Protein chains: 2
Amino acid sequence: MEVFEFLSDTQGKSLSTLASDLNQSPATVYRILVTLGGRGLVEFDQVDQVWNIGARAFVIGSRFLRRTSLVERARPFLRALMEESGETANIGIEQDGHVLFVSQVETRASIRAFFPPGTLSRLHASGIGKALLAEMDMQRFEKFLARAPLESFTEFTLTDRDALLEDLQVTRQRGYALDGEERNLGMRCIAAPVFDIHGEAVAGISVSGPTSRVGLDQVSRLGQSVLAAAGKLSAAIGGKSKQQMP
Amino acid sequence: MEVFEFLSDTQGKSLSTLASDLNQSPATVYRILVTLGGRGLVEFDQVDQVWNIGARAFVIGSRFLRRTSLVERARPFLRALMEESGETANIGIEQDGHVLFVSQVETRASIRAFFPPGTLSRLHASGIGKALLAEMDMQRFEKFLARAPLESFTEFTLTDRDALLEDLQVTRQRGYALDGEERNLGMRCIAAPVFDIHGEAVAGISVSGPTSRVGLDQVSRLGQSVLAAAGKLSAAIGGKSKQQMP
DNA sequence: TTGCATTTTTCATATGATGAAAAAGTCTTT
DNA sequence: AAAGACTTTTTCATCATATGAAAAATGCAA
C-alpha cells in the first residue's frame with residue numbers, strides 16, 4: 001500500500017530506485033509490485049523498465065466522483081462560465097488542507113491555466129482554497145493552520161496568518177476569492193464557494209488564466225461571473241449559503 | 001486490496017454487507033477499511049453509515065493519465081471535434097477487453113451522451129472499441145474473443161464472431177467505426193483509432209450522440225471529422241498508421 | 001428498559017510478509 | 001566469447017501481522 005502511494009507521487013521509477021527510496025528490500029518491493037500489477041493497480045513499462053500507476057487505479061479512483069452528482073451537475077455551469085469569461089473554469093473540493101481539482105472546462109485560448117483532475121494545491125495559495133477557507137469557522141481554520149506552515153510559492157503568497165485572515169475577510173465581504181499570482185507567477189484565479197443544503201461550502205468554482213488576460217481591471221467582472229455560476233450551482237443542488245439559512 | 005477493489009465496483013455499502021459479499025469476517029473487513037480510511041483511499045459516510053472510495057484514490061488514479069501526454073495533447077483536438085460536430089467528443093483506450101474512457105469534451109446540446117472518465121465499456125459494442133479491434137492482429141483478436149462471450153446489450157449488438165469480423169473489415173476500409181445503437185438504444189458513436197510512433201493503435205477518438213441528431217445520414221460526415229481529428233492527434237504525437245510505415 | 005443487530009476491540013493462532021541470500025537476467029567492456 | 005557489475009527474480013527461514021472467533025461497545029426500535 002505504501003508502495004502504491006509512493007509510486008503515485010513519483011511515477012516512472014525502477015524497482016531498485018523504489019526500494020532504495022522506501023528503504024525496503026528490493027525483494028519485498030518487487031513482490032508488492034507484482035501483486036499490484038496482477039490487479040492492474042500498477043503497470044510495468046517494459047521499454048523504460050519502470051513502474052507506473054495502472055489503469056485499474058484510474059477506474060477505481062474515478063468512482064470517487066460518482067458518490068454525488070455534484071461534479072456532473074457542475075459541468076454545464078462550468079461550461080457556461082468558461083464561455084462567458086473566456087478562461088478555464090474549474091471545480092475543486094477541500095481535501096486535507098489542499099484543494100483537489102476534480103473537473104475542468106478548458107478555454108480555447110492559446111495560453112491557459114490547466115489543473116488536471118487529481119491536482120492538489122495548497123488552500124491558502126489558491127482561489128478555490130481561499131473561497132473555502134473564508135467559509136470555515138475559526139476552529140476548523142485553526143486546525144488547518146496547525147497542520148502545516150503557510151508555504152510560500154511566490155512573492156505574493158500569503159504566509160502570514162493575519163494577512164491571510166484579512167484576505168479571507170475581504171473574500172467574505174466581496175463574495176469571491178482572488179489568487180493574485182500567489183501560487184504561480186503570471187497567473188490569477190477567481191473563485192467562489194458552492195453550498196450544499198446544509199449551508200456548508202462543499203466545493204469551489206473558479207476561473208483561472210494568465211495575468212495578461214486576467215488583469216486587475218478584469219477581476220471584478222470575472223468575480224461577478226464566478227459568483228453567479230457558483231450561486232446557480234448551489235441552487236441547482238438545493239444549496240444555500242449560511243446567510244440564507246433561517 | 002480485495003476490499004478496496006470490491007468497494008469501487010459496488011460503492012456505498014455497509015460493513016456487514018461488504019463482509020457478507022466478500023465472505024470474510026466483519027472484523028477483518030472492518031480493520032482493512034479503517035486502515036484504508038486512514039490513508040484516504042476509502043471514506044466512511046457517517047450519515048448513511050456506508051463506505052465509499054476516498055479522495056486519495058482519485059488522486060492516485062489520476063496519475064495514470066500523466067504517464068504520457070496523450071490525453072493532454074488530445075484535448076484541443078477533442079474540443080475542435082466537439083465544436084465541429086456538435087456532439088460530445090471522447091478519447092478512450094483499450095484495457096482488458098474494454099474501452100476505458102479517459103477524457104471527454106461535452107457538447108452543450110440538451111440531450112447528450114456522457115461517459116465519465118473511468119467508465120468501462122465492452123470493446124465489441126463501442127465505437128472506440130471497434131476502431132481498436134479493427135487494428136488488432138488476428139492473434140490478439142482471438143485472445144480478446146477467448147476472454148469472454150460477446151455480450152448482447154441491444155438487439156443491434158454484434159454477438160456473432162463473423163458478423164463482428166465483417167464489421168471490423170468495413171471499419172478498416174472506411175477508416176472509422178460505427179456503434180449503431182449496439183451499446184445503448186437511441187445512441188450512436190463514431191470512432192477512429194489514434195496511432196503512436198510505432199504504428200500501434202493506442203487510443204480511439206469518438207463523437208457520440210442521440211440517434212435523433214446522429215442520423216444515418218450524418219454518419220459519413222461525422223466519420224470524416226472523427227477521422228481527421230484522430231489523424232491530427234496521431235500526427236501530433238508523431239504517430240502513423242501501419243499503412244504509412246515503411 | 002430490553003432485545004436485537006451492527007460495529008469495534010481483544011486475543012490466540014495461522015498465514016504470509018519480510019529480508020538475506022542465491023539464482024537468473026541484462027548490459028557493458030575487454 | 002568471457003568477465004564483471006548491476007538489477008531483477010526466486011528461494012527459504014523467521015517473525016510480524018492478518019485472521020476469525022468471541023467479547024465488548026454502540027445504536028436503534030419497541
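All chains are named by letter (A, B, ...) in the order of the sequence lines, taking the proteins before the strands, and each is independently numbered beginning at 1. Owing to the predicted nature of the structure, the values given are computational and were not obtained by experimental measurement. The analysis underlying the following values was restricted to heavy atoms, covering all of them including side chains, and did not include hydrogens, waters or symmetry mates.
- Remark: P of C:dA17 and CZ of A:F4 are 17 Å apart, rounded to the nearest angstrom.
- Base engagement by B:T28 is indicated by at least one non-hydrogen atom pair under 4.0 Å involving a base atom.
- Here the P atom of nucleotide C:dT6 and the CD atom of B:Q24 are 18 Å apart, to the nearest Å.
- Closest to the side chain of A:Y30, out of C:dT8, C:dT18, D:dT9, is D:dT9.
- Atom pair B:L33:CG and C:dT9:P shows a separation of 13 Å (rounding to whole Å applied).
- You'll find the side chain of B:Q24 reaches within 4.5 Å of the side chain of B:V3, heavy atoms only.
- Of the N and O atoms on the side chains of B:R183 and B:T157, not one donor lies less than 3.5 Å from an acceptor on the other residue.
- In the set D:dG20, C:dT6, C:dA21, the nucleotide with an atom closest to the side chain of B:A27 is D:dG20.
- The existence of a salt bridge linking B:D9 and A:R66 is excluded, since no basic side-chain nitrogen approaches an acidic carboxylate oxygen closer than 4.0 Å.
- Atom CD of A:Q46 is separated from atom C1' of D:dT9 by 14 Å (rounded to the nearest Å).
- If you check the side chains of B:T17 and B:S14, you find a donor sitting under 3.5 Å from an acceptor.
- At the phosphate of C:dT6, neither OP1 nor OP2 sits under 4.0 Å from any side-chain N or O atom of B:S14.
- Each of B:R31 and B:L15 lies near DNA chain C, and the nucleotide nearest B:L15 is the one positioned closer to the 5' end.
- Between A:D21 atom CG and D:dT7 atom P the separation is 13 Å, expressed in whole Å.
- Atoms CD (B:E2) and C1' (C:dT15) sit 15 Å apart, rounded to a whole Å.
- Between A:L22 atom CG and C:dG19 atom C1' there is a gap of 15 Å when expressed in whole angstrom units.
- Remark: C1' of D:dT9 and CG of A:L18 are 16 Å apart, rounded to the nearest angstrom.
- The listed nucleotides are C:dT6, D:dT7, C:dT8; the one nearest the side chain of B:P26 is C:dT8.
- Residues B:I205 and B:N90 are not in side-chain contact: their nearest non-hydrogen atoms beyond the backbone lie 4.5 Å or more apart.
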